[in-house]
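Below is one structure; the comments refer to it alone.
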Amino acid sequence: MFRTLHSPAIWAVTLAAAGILMVTMGIRQSFGLFIAPIDETTGLGVVAISFALAVGQFTWGAIQPIAGAVADRYGPRPVLLSALLVLAVGCAATPFVGSGFGLVLTLGVLAAAGSGAGSFSVLIGAAAQRLPLESRGAASGVINAGGSFGQFIFAPITQKLIQGIGWMGGLWAMAVAALAAIPLVFRLTASQPAAHPAHESDQGLRHAIVNALQDRSYLLLSAGFFTCGFHIAFLVTHLPGEVNLCGLPASVASWSLAIIGLFNVFGSLYAGHCVSRYRSKYVLAVMYGSRVLLVAMYLLLPRTDWTFYLFAAGLGFTWLATVPPTATIVGKLFGTRYLGTLFGIAMLSHQIGGFLGAWLGGLTIAHFGDFSWMWYADMALAAFAALVNLPIREAPLTQPTAHA
């Protein structure tokens, strides 16, 4: 699985990108744990807090094509340094606000923008430009696994911090963690991008964007990615609320999020392996289809702690493992020159779904008292995503061991 990552220099680039994503994603995916304590302290209500996090879902996606374009033009170092600083400021400032609008500014804009600018689009683009073609598939899996490992690490630690020093102290600790990742930026960007491949034409960023938005396969890919965002944002934001509805302790929610992250480490690595052996559109179709079955099984089982842990393990295997095959298809269709920008636009579709998943989840619990309608919508959208990936134009692999 790792044979294409065959030199220390390749590993250094890959692990530096994975480490940055571990921090930015670990912090971001733990924000749902703060909903209840912020509500108890401020009395703002679940809907207002959910809306701030929903804005954060959209901001996280909206910043990625912008950050990717800036990184493609000026290099990733200034983008990533700014991202970590803004993420730290957003976390540190949140305890000082006492209104829904204030939460929108700190968690919904600042923290989300910092996390998004230091996320997939810039990191995968920066790594791909510094790695040989045969290493990119496996490297994208390792980088993606870094984000999942961050969720595994940060979720239980964040819960312990909230219980031990309060939610304010927990957010200040997140700010320190963001600043601690700064040395990894210099390691990732220490080497120069590889020479631009001769077969990849470069007619400018605007032409690349227009060309992508007119491409049916790219639009289908982005439509499927919308569902992924809806699914992930709903769960990461409202799984603690679902656990509470079932009368289970908060630790079940934090450990479920951690299990999702742990199993997505394996899922991400396996996804990086699969895109070297199978067409990525089929990998995506299977991932989305599995979510329909997992949610259906969850709805049929009794709500116990082990039900949540098993559900989390199953979901975790494909949680963010959709990123390597999605990035691979974008690279196959358009090359790596503007991969950060074009993958960022696809990620924007992902996060429009994320905005709806987080916000509608809050509205559903407020109006109906449970999340039943959200589970049904999640199943329907997952089935839709599995189907729309099948017509994507992707050439078959010429050899079983060919590398994406």
Side-chain angles (χ1 to χ4, degrees), residues 29 31-36 38-40 44-58 151 155 223-260 263 287-320 322 350-388:
Q29 297 283 53
F31 283 157
L33 297 171
F34 290 92
I35 292 178
I38 290 177
D39 183 31
E40 291 171 2
L44 291 175
V46 173
V47 173
I49 300 170
S50 296
F51 179 75
L53 295 182
V55 171
Q57 294 288 343
F58 179 78
Q151 183 173 332
F225 221 25
F226 169 94
T227 290
C228 185
F230 181 95
H231 169 87
I232 288 175
F234 163 56
L235 285 170
V236 79
T237 305
H238 296 292
L239 185 61
E242 176 77 358
V243 168
N244 184 61
L245 284 177
C246 298
L248 299 172
S251 59
V252 174
S254 61
W255 278 111
S256 295
L257 292 174
I259 290 169
I260 287 172
F263 274 79
M287 287 182 178
Y288 290 133
S290 71
R291 295 179 180 182
V292 181
L293 299 177
L294 285 166
V295 173
M297 290 175 62
Y298 166 75
L299 294 176
L300 293 173
L301 291 172
R303 305 295 201 273
T304 67
D305 51 354
W306 279 104
T307 295
F308 278 99
Y309 297 151
L310 292 173
F311 182 52
L315 288 177
F317 200 75
T318 68
W319 186 251
L320 284 169
T322 54
H350 184 281
Q351 290 313 114
I352 292 173
F355 170 85
L356 292 173
W359 184 43
L360 293 178
L363 291 178
T364 299
I365 187 66
H367 285 84
F368 300 105
D370 60 31
F371 295 106
S372 296
W373 286 106
M374 290 297 294
W375 292 119
Y376 301 146
D378 193 30
M379 292 173 64
L381 287 172
F384 165 79
L387 293 174
V388 299

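For the numbers below, each heavy atom of this structure counts, side chains included, while hydrogens, waters and symmetry mates do not. All values derive from a computational prediction rather than experimental measurement.
The minimum heavy-atom distance between Leu239 and Ser256, with the atom names listed, is CD2-CB, 3.8 Å. The two residues Gly241 and Phe371 make their nearest non-hydrogen contact at C-CE1, 4.0 Å. For the pair Thr304 and Leu248, the tightest heavy-atom approach, listed with the atom from each and the gap, is C-CD1, 3.8 Å. Between Leu294 and Leu315 the shortest heavy-atom distance is CD1-N, 3.7 Å. Closest approach of Ala233 to Ala358, counting heavy atoms only: CB-N, 4.1 Å. The shortest non-hydrogen separation linking Ala366 to Val47 is CB-CG2, 3.6 Å.
Distance alone, capped at 3.5 Å, places no donor-acceptor pair between the Asp305 side chain and the Val252 backbone. Put simply, the side chain of Thr237 never gets that close to the backbone of Phe234: no donor and acceptor are under 3.5 Å apart. Here the side chain of Gln351 pairs a donor or acceptor atom with the backbone of Gln57 at under 3.5 angstrom. With Thr307 contributing its side chain and Pro302 its backbone, the two residues share a donor-acceptor pair below 3.5 Å.
Looking only at side-chain heavy atoms (C-beta outward), Arg291 and Cys228 come within less than 4.5 Å of each other. Between Leu33 and Pro240, some side-chain heavy-atom pair lies under the 4.5 Å cut-off. In this structure the side chain of Phe308 reaches within 4.5 angstrom of the side chain of Cys246, judged on heavy atoms. Using a 4.5 Å heavy-atom cutoff, the side chains of Met297 and Leu300 are not in contact. Using a 4.5 Å heavy-atom cutoff, the side chains of Gln29 and Leu257 are not in contact. The shortest side-chain heavy-atom distance between His350 and Ile232 falls under the 4.5 Å cut-off. Residues Phe226 and Leu356 form a side-chain contact, since some pair of their non-hydrogen atoms from C-beta on lies under 4.5 Å apart. Between Leu301 and Phe311 there is no side-chain heavy-atom pair separated by less than 4.5 Å.
Between Tyr309 and Trp306, the angle of the ring planes goes over 60°, which puts this pair in the perpendicular group of the 30/60° scheme. In this structure, Trp373 and Tyr376 have perpendicular ring planes: the angle between them is above 60°, well past the 30° mark.
Note: His231 NE2 to Tyr288 OH = 10.0 Å, rounded to the nearest 0.5 Å. Between atom OG1 of residue Thr227 and atom CG of residue Asp378 there is a gap of 8.5 Å, rounded to the nearest 0.5 Å. How far OG1 of Thr318 is from CZ of Phe263: 12.5 Å, rounded to the nearest 0.5 Å. Phe31 contributes atom CZ, which lies 9.0 Å from atom CD1 of Ile38 (distance to the nearest 0.5 angstrom). Here the straight-line distance linking atom CD1 of Ile365 with atom OG of Ser372 works out to 9.0 Å at 0.5 Å rounding.
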Inset, instruction - Go through the steps to decide whether Trp319 and Leu235 satisfy the test side chain to side chain contact (heavy atoms under 4.5 Å, CB included), and finish with yes or no. - result: CA-CA 10 Å; Trp319 186 251; Leu235 285 170; 3.7 Å; yes
Inset, instruction - Go through the steps to decide whether Met374 and Phe230 satisfy the test side chain to side chain contact (heavy atoms under 4.5 Å, CB included), and finish with yes or no. - result: CA-CA 10 Å; Met374 290 297 294; Phe230 181 95; 3.5 Å; yes
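Under the 6.0 Å distance and 45° angle rule, Arg303 counts as a cation-pi partner of Tyr298.
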